[in-house]
J.: 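Okay, handing you the structure first.
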Amino acid sequence: MIQGTMSNSGKSFLTAGLGRVFMQDGYRVAPFKSQNMALNSYITKDGLEIGRAQAMQAEACGIEPAVDMNPILLKPTSHVGSQVIVNGEVRGNMKAMDYYRDKKKLAADVMKAYNRLDQEYDIIVIEGAGSPAEINLRENDIVNMGMAKMAKAPVLLVGDIDRGGVFAALYGTVKLLEEDEQAMIKGLVVNKFRGDVEILKPGLQMIEERLHIPVLGVVPMEPLDIDDEDSLSDRLTRTQRGAGLDVAVIHLPHISNFTDFSVFERMDGVSLRYVQKPGMLGSPDLILLPGTKNTMDDLQWMRESGMEALILRQAENKTPVIGICGGFQMLGKAMEDPYGVEHGGSMRGMGLLDTRTVFSEAKTRTQISGRMERGAGLWTGWEGREVSGYEIHMGVSENLGGCLELIRLSDGRTDALSNEDGTVLGSYLHGLFDTAGFAEAMIRRLMKDKGMEYGEWSFDLEAHKEQEYDRLADLVRRSFDMKKIYEILEAGI
């Protein structure tokens with residue numbers, strides 16, 4: 001089990017890395033995180049919802065993501081509450097206090113999922129959450145030391161040296177645990193190190209002497225293009241415009257699944273940035289409205305902050321605007337919430353698409369493919385192009401008659417609605433831009449319209465991911481005492 005001294009210490013990243021190493025060494029290996037709090041989620045092939053980090057870790061292990069890898073997913077809807085998803089399906093919205101009071105009941109679900117994986121795989125790499133030293137949350141813990149005890153898993157404790165105070169964090173975390181829990185920690189890891197490791201060695205020796213736990217790895221800071229939870233949060237800090245085509249993602253308060261746009265970060269001649277305030281928008285070449293866990297609240301934020309007015313002005317000037325999922329819902333004329341899925345009532349939309357969205361109590365969750373049937377603007381001439389993605393939404397958006405219908409899905413439904421000239425488009429398909437050639441063709445056409453030079457480059461996302469997972473495995477092998485890691489696996493606790 002990989003635990004951390006704090007959030008963003010690199011647990012997801014190192015879980016994936018160890019999983020990749022074990023896979024390369026011939027083992028059947030799977031990731032597991034009993035409880036994940038994240039707005040970036042993924043839909044499995046059987047239509048169940050898990051954290052995107054566990055989907056990434058499954059990819060690194062060379063296996064298909066499955067709901068047993070993340071039996072509890074919490075998707076925050078406010079500062080004090082979350083949508084609770086158990087075994088891939090929505091249980092309902094709960095306030096934090098109510099969830100913590102009742103979560104012990106979920107231990108059975110957690111262990112059933114874990115035991116199913118245990119029957120199928122040689123090694124399970126478990127990821128903790130936050131820090132095990134949150135002493136106010138120790139009672140009924142099912143994600144850190146509580147999970148380690150249930151699984152009888154030896155623990156590696158990871159500290160982030162990049163933010164400073166790593167030795168205090170490692171020492172304090174261990175000493176706040178009970179004695180039996182301290183004994184379960186078999187190794188310490190220093191992550192995100194920059195500089196000469198020789199200078200660090202005296203500190204490593206002292207922390208080993210004080211805790212009587214060996215340091216099993218010092219992992220250097222190395223740029224890797226992997227969608228772990230930590231890198232996801234870092235991406236939102238990219239706010240400055242760079243050279244080339246200016247692509248602006250609106251950083252909504254409840255932004256979710258913004259990995260939909262990570263492909264643009266990998267393209268030559270494209271600058272992707274996240275816009276948090278109206279004054280940061282400027283005059284981009286393309287505006288992207290991402291998914292959100294609370295569409296109506298986030299549209300109200302855009303309206304009150306002045307962001308909506310700026311986007312509408314850009315749309316009048318024919319700047320392309322694309323909305324995915326919640327962003328798509330905002331683009332329409334109206335949103336209605338008769339069942340109180342968000343906060344009830346109805347709300348005027350941005351009016352850029354002739355659509356109406358009605359929120360429903362049932363959540364649409366599916367992986368699906370489709371075919372482009374027609375197009376306009378950036379999508380002219382795309383008839384017959386195959387697309388794919390996954391849907392996670394509560395509600396249906398209806399074409400009121402003024403939209404072009406671009407994609408026919410494999411189950412007969414329509415997706416991707418645009419205005420007549422194709423400058424505004426909405427879709428429910430997460431991962432649409434990951435479809436081979438889709439994003440590249442769109443960006444090339446936009447560059448051409450802007451009179452910008454563009455190359456006939458292409459991008460193979462799957463090959464790129466495999467390359468990055470192999471680089472991650474190389475980093476882990478160079479940084480960890482893998483002989484000792486295997487000894488710990490054999491010995492258990």
Side-chain angles (χ1 to χ4, degrees), residues 241 244-250 258 260-273 275 281-291 311-325 327-332 350-355 369-389 397 399 402-409 414-459 461:
R241 175 174 180 169
L245 196 75
D246 181 24
V247 179
V249 181
I250 306 303
F258 47 90
D260 288 333
F261 310 126
S262 60
V263 65
F264 298 115
E265 299 173 13
R266 299 160 177 147
M267 291 184 180
D268 293 333
V270 177
S271 171
L272 186 78
R273 60 191 175 94
V275 177
L281 183 61
S283 300
D285 299 308
L286 172 64
I287 296 173
L288 301 173
L289 283 173
I311 295 173
L312 293 176
R313 188 179 307 159
Q314 291 295 317
E316 287 179 5
N317 295 329
K318 302 303 180 182
T319 298
V321 180
I322 301 174
I324 301 295
C325 200
F328 172 26
Q329 295 170 339
M330 291 180 184
L331 292 172
M350 296 176 70
L352 292 176
L353 290 177
D354 190 24
T355 62
S369 60
R371 183 185 297 270
M372 295 286 292
E373 289 197 327
R374 63 183 302 181
L378 296 177
W379 296 275
T380 302
W382 284 24
E383 292 79 3
R385 182 183 289 269
E386 298 287 340
V387 299
S388 62
S397 296
N399 182 0
C403 289
L404 301 180
E405 298 179 347
L406 274 62
I407 296 175
R408 180 67 60 186
L409 298 174
T414 296
D415 186 74
L417 303 179
S418 81
N419 59 357
E420 289 291 334
D421 63 8
T423 57
V424 179
L425 177 136
S427 171
Y428 276 118
L429 287 184
H430 296 288
L432 174 65
F433 297 119
D434 292 341
T435 299
F438 190 96
E440 294 94 321
M442 186 189 77
I443 289 297
R444 281 199 296 269
R445 177 162 291 173
L446 184 55
M447 285 182 167
K448 183 178 180 180
D449 291 346
K450 293 282 183 180
M452 302 172 66
E453 292 186 7
Y454 61 95
E456 292 300 322
W457 36 256
S458 61
F459 183 75
L461 180 62

J.: When rounded to the nearest 0.5 angstrom, what is the spacing between CD1 in I322 and CZ in F433?
T.: 4.0 Å
J.: Check whether any side-chain heavy atom of M267 sits under 4.5 Å from a side-chain heavy atom of L245, and report yes or no.
T.: no
J.: Within this structure, what is the CG-CG distance for the pair L404 and N399, rounded to the nearest 0.5 Å?
T.: 8.5 Å
J.: Measuring from L331:CG to D354:CG, what's the distance to the nearest 0.5 Å?
T.: 12.5 Å
J.: Counting N and O atoms only, with roles assigned by atom type, does the side chain of D285 sit under 3.5 Å from a partner on the main chain of D246, one being a donor and the other an acceptor?
T.: yes
J.: Could you go through the side-chain contact (heavy atoms from CB on, under 4.5 Å) check for L289 and I311 one step at a time?
T.: CA-CA 10 Å; L289 283 173; I311 295 173; 4.3 Å; yes
J.: Apply the test side-chain contact (heavy atoms from CB on, under 4.5 Å) to residues L352 and L312: give CA-CA distance (whole Å), side-chain angles for both, the deciding distance (0.1 Å), then the verdict.
T.: CA-CA 8 Å; L352 292 176; L312 293 176; 3.7 Å; yes
J.: About how many Å separate CG of D434 and OG of S262, when rounded to the nearest 0.5 Å?
T.: 6.0 Å
J.: Side-chain contact test, heavy atoms from C-beta onward, threshold under 4.5 Å: evaluate it for L288 versus F264 and give yes or no.
T.: yes
J.: Taking side-chain hydrogen bond (donor to acceptor under 3.5 Å, both in side chains) as the definition, give me every residue that meets it alongside T380, ordered by chain and number, with sequence neighbours left out.
T.: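 Not a single residue meets the side-chain hydrogen bond (donor to acceptor under 3.5 Å, both in side chains) criterion with T380.
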J.: For the residue pair A248 and V275, what are the closest heavy atoms and their distance?
T.: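 What the structure gives for the nearest pair is CB-CG2, 3.8 Å.
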J.: When you look at CZ of R408, are more than 12 heavy atoms from neighbouring residues, nucleotides or ligands closer to it than 6.0 Å?
T.: yes
J.: For the CZ atom of F328 and the CG atom of L417, what is their distance to the nearest 0.5 Å?
T.: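 The distance works out to 4.0 Å.
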J.: Testing the basics here: between L353 and S418, what is the closest heavy-atom pair and its distance to 0.1 Å?
T.: CD2-C, 3.7 Å
J.: Return the minimal non-hydrogen interatomic distance between E420 and G402, and the atom names on each side.
T.: OE2-O, 3.9 Å
J.: May I ask you to test the D260-L432 pair for a side-chain heavy-atom distance under 4.5 Å?
T.: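 In short, these two side chains do not touch, never coming nearer than 4.5 Å.
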J.: Got S283 and T319 here, is their nearest side-chain heavy-atom distance under 4.5 Å?
T.: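 SC-SC contact between S283 and T319 ruled out.
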J.: The test is side-chain contact (heavy atoms from CB on, under 4.5 Å); show your working for L378 and D449 and say whether it passes.
T.: CA-CA 9 Å; L378 296 177; D449 291 346; 3.9 Å; yes
J.: Between E373 and T414, is there a side-chain heavy-atom distance shorter than 4.5 Å?
T.: no
J.: Can you name the closest pair of heavy atoms from L281 and R273 and give their distance?
T.: O-NH2, 2.6 Å
J.: Please report the C-alpha distance between R385 and T435 in whole Å, then the side-chain angles of each, then the deciding distance to 0.1 Å, and finally whether the side-chain contact (heavy atoms from CB on, under 4.5 Å) criterion is met.
T.: CA-CA 10 Å; R385 182 183 289 269; T435 299; 5.8 Å; no
J.: Got L406 and W382 here, is their nearest side-chain heavy-atom distance under 4.5 Å?
T.: no
J.: Are any non-hydrogen side-chain atoms of M447 and V270 less than 4.5 angstrom apart?
T.: yes
J.: For a 4.5 angstrom cut-off between non-hydrogen side-chain atoms, does E383 reach M372?
T.: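 No, side chains not in contact.
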J.: Starting at OG1 of T423, measure out to NZ of K318 and round the result to the nearest 0.5 Å.
T.: 5.0 Å
J.: Over all heavy atoms of both residues, which pair between A416 and I407 is shortest? Give the atoms and the distance, please.
T.: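 Looking at all heavy atoms of both residues, the shortest contact is CB-CD1, 3.6 Å.
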J.: Please report the shortest heavy-atom distance between S397 and Q329, naming the atom on each side.
T.: OG-CG, 4.0 Å
